[in-house]
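Encoded as C-alpha cells, the structure appears first; notes follow it.
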Amino acid sequence: MKYWLMKSEPDVFSIDQLKKDKTTWWEGVRNYQARNFMMKDMKVGDAVLFYHSNAEPPGVAGLAVISKEAEPDKTQFDKRSEYYDAKATREKPIWFCVEVGFGDKFAELVSLQDLRDNKALKEMLVLQKGSRLSVQPVDKKHFEIVKKMGGL
DNA sequence: GCCAACGTTGGC
DNA sequence: GCCAACGTTGGC
C-alpha cells in the first residue's frame, strides 16, 4: 500500500465536504504527472493526506483513502465544464481520476508552517521549493508523522 | 528538439 | 493582489 498527498482548495472542495459526501471523484486534474500517479500507481486502500491549498492557513486537514481506481474524468467531455478538453474523446480519454473516500478529519489543521518546523519532514515533496504538484507520493514515515501531528 | 512566450499554481 | 516557480505551447 502506498501513501499520497492530494491538494484541494477548501473554497472549492474541503475536507468537510468530503466528510458530508463520503466519497468524491477527484476530477479536474490537468497535469500529466499528477494524472499518472492516479492512473498507474494508486490502488484501493492507499492512504491520503488531504491538503488544503490556497487556504488561510494552508496545511493538511485530515486523511482520505482511495476508494476506486482510475476511470476517465467525465469533465473532460463536458463542454460546459471548466475542465473541458476538446482534444479528448470517449474512445481516447486523456484525463483520469480516482475516487477518494473520507478518512478522518484532524482535530486541528497541521499547517504548512507546522510541517516546515518538523525537521523529520524536511524531505517531504510538498515542502520543496516550487513544488506545485497537486497529487504526490508521500513516504510512509512522513505519513505516520503527519498523522500523529494531527492527533491520530 | 530548442526555447521564448504564455498560463497556472499556490504561498505570502 | 503579487510574483516565483513550474508546465505547456508553438514557431522555427
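Chain letters run A, B, ... following the sequence lines, proteins first, then strands; residues in each count from 1. None of these values were measured; they are calculated from a predicted model.
Rounded to whole Å, the distance from CG on Leu125(A) to P on dA5(C) is 17 Å. What separates CD of Glu82(A) from P of dT8(B) is a distance of 11 Å, to the nearest Å. Atom CG of Asp85(A) is separated from atom P of dT9(C) by 9 Å (rounded to the nearest Å). The CG-P distance, from Asn31(A) to dT9(C), rounds to 11 Å in whole Å. The distance from atom CD of Gln33(A) to atom C1' of dA5(C) is 14 Å, rounded to the nearest whole Å. Atom CD1 in Ile94(A) sits about 19 Å away from atom P in dG7(C), given to the nearest Å.
At a cut-off of 3.5 Å, with distance as the only test, a side-chain donor of Thr75(A) or Arg30(A) sits close to an acceptor on the other residue. Side-chain polar atoms of Tyr51(A) and Lys7(A) form no donor-acceptor pair below 3.5 angstrom.
Taking only side-chain nitrogens and oxygens, Lys129(A) never comes nearer than 4.0 Å to OP1 or OP2 of dA4(C).
Within a 6.0 Å radius of NZ in Lys148(A), no more than 12 heavy atoms belonging to other residues, nucleotides or ligands are found. More than 12 non-hydrogen atoms from other residues, nucleotides or ligands lie less than 6.0 angstrom from CD of Glu144(A).
Within the 4.5 Å cutoff, no side-chain heavy atoms of His142(A) are placed close to those of Leu5(A).
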Check nucleotides 10-12 of chain B for protein N or O atoms closer than 3.5 Å to its own N or O atoms and list the pairs.
from: dG10(B); atom 1: OP1; to: Lys7(A); atom 2: NZ; distance (Å): 2.9
from: dG10(B); atom 1: OP1; to: Arg132(A); atom 2: O; distance (Å): 2.5
from: dG11(B); atom 1: OP1; to: Tyr51(A); atom 2: OH; distance (Å): 2.7
from: dG11(B); atom 1: OP2; to: Asn54(A); atom 2: N; distance (Å): 3.0

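Classified by interplanar angle (parallel below 30°, tilted 30° to 60°, perpendicular above 60°), the ring pair Phe13(A)/Phe50(A) is tilted.
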